[in-house]
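Before any comments, here is the structure.
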Amino acid sequence: MLTMKDIVREGDPVLRKVAEEVPLPASDEDKKTLQQMLEFLINSQDPEIAEKYQLRPGVGLAAPQIGISKRMIAVHVTDEQEQEYSLGLFNPKIISHSVELTHLENGEGCLSVDRDIPGIVPRYSRLTVKATTLEGEEITLRLRGLVSIVFQHEIDHLNGIMFYDRIEGFKDKLKQELPPL
Ligand code: K2U
Ligand code: NI
């Protein structure tokens with residue numbers, strides 16, 4: 001089973017690469033990896049297992065976060081309408097999105113980031129995503145709310161983008177804090 005030691009932390013170049021499309025139908029190895037990513041999320045939300053293995057709770061995980069630069073994500077989250085999304089997806093692609101933006105009031109975190117970074121992370125309110133499931137089925141998902149945010153956070157990981165890249169002024173603030181060379 002995957003534990004926190006398998007999670008790559010910021011600074012590792014794999015988190016800044018654009019991940020490769022997964023050749024379909026997926027190999028047994030890629031299917032096993034994606035299954036393990038989904039299992040990690042389920043375990044991380046089980047108080048006993050999370051406590052026993054010291055897992056940080058997660059609602060999403062992208063393959064680059066376990067050092068694999070392939071376009072695979074797992075999502076395990078229940079939305080505001082109590083709809084559960086428990087999915088392993090190959091090659092997720094945002095095919096349309098709302099102009100309207102949303103954000104999580106308390107900002108975002110990341111399993112690959114061992115620090116709190118305050119700030120609003122603008123996300124599209126609504127999203128349409130095409131992907132191929134672990135079972136090999138091509139699906140189209142119309143998402144909103146927390147689930148939409150989770151998908152955007154994970155698909156950003158596939159493109160080498162970290163949530164704080166999207167915080168207004170975050171980079172400038174960083175420059176201000178660092179003394180000029
Ligand atoms: O990709 C990851 O690092 C997993 C993140 C995904 C995420 C963070 C912020 C907003 C949306 C998705 C972890 O799930 S962070 C833990 C968490 C738990 C519940 C709700 C939001 C974030
Ligand atoms: Ni993350």
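Predicted, not measured: the structure shown is a model, and the values here were computed from it. Numbering of ligands and ligand atoms starts at 1, following listing order.
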Quiz item: Should we count CD of Glu51 as having more than 12 external heavy atoms under 6.0 Å?
Solution: no
Quiz item: More than 12 foreign heavy atoms under 6.0 Å from CD of Gln81: is that the case here?
Solution: yes
Quiz item: Does one side chain, of Glu82 or Thr78, offer a donor that lies under 3.5 Å from an acceptor on the other?
Solution: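 No, no side-chain donor-acceptor pair sits under 3.5 Å.
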Quiz item: After noting the C-alpha distance and the side-chain angles of Arg166 and Glu108, does the key distance pass the salt bridge (Lys or Arg N to Asp or Glu O under 4.0 Å) rule?
Solution: CA-CA 11 Å; Arg166 296 184 180 281; Glu108 297 189 6; over 6 Å; no
Exercise. Pick whichever of Val59, Val113, Leu15 has a heavy atom sitting closest to atom 19 (C) of ligand 1.
Key: Val59
Quiz item: With under 30° as parallel and over 60° as perpendicular, where do the rings of Tyr85 and Phe151 fit, or are they tilted in between?
Solution: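 Perpendicular, since the angle between the ring planes exceeds 60°.
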Quiz item: Hey, is Gln65 one of the residues with a heavy atom under 4.0 angstrom from ligand 1?
Solution: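 So Gln65 counts as touching ligand 1.
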Quiz item: Less than 3.5 Å between some nitrogen or oxygen of Leu111 and one of ligand 1, yes or no?
Solution: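 Yes: some nitrogen or oxygen of Leu111 is under 3.5 Å from one in ligand 1.
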Quiz item: Between His153 and ligand 1, is there a nitrogen or oxygen pair with a distance under 3.5 Å?
Solution: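 Checking ligand 1 against His153, an N or O pair does fall under 3.5 Å apart.
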Within the 4.0 Å heavy-atom shell around [X], which atoms of ligand 1 are there?
X      : value
Gly109 : 8 (C), 9 (C)
Gly60  : 1 (O), 2 (C), 4 (C), 14 (O)
Leu104 : 10 (C)
Cys110 : 3 (O)
Glu154 : 1 (O), 2 (C), 4 (C), 6 (C)

Quiz item: Is ligand 1 under 4.0 Å from a heavy atom in the side chain of Pro57, in the backbone, in both, or in neither?
Solution: backbone
Quiz item: How does His157 reach ligand 1, if at all, at less than 4.0 Å between non-hydrogen atoms: by side chain, backbone, both, or neither?
Solution: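 It is the side chain that gets close, since no backbone atom is under 4.0 Å.
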Practice problem: Before giving the answer on side-chain hydrogen bond (donor to acceptor under 3.5 Å, both in side chains), spell out for Thr33 and Glu29 the whole-Å C-alpha distance, their side-chain angles and the decisive distance to 0.1 Å. | Solution: CA-CA 6 Å; Thr33 301; Glu29 183 192 3; 5.4 Å; no
Quiz item: Is the shortest side-chain N to carboxylate O distance from Asp46 to Lys52 below 4.0 Å?
Solution: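 Judged by the 4.0 Å cut-off on N to carboxylate O distance, Asp46 and Lys52 do not form a salt bridge.
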Quiz prompt | Residue of the set Ile149, Val121, Leu146 for which side chain to side chain contact (heavy atoms under 4.5 Å, CB included) holds with Thr102 | solution = Ile149
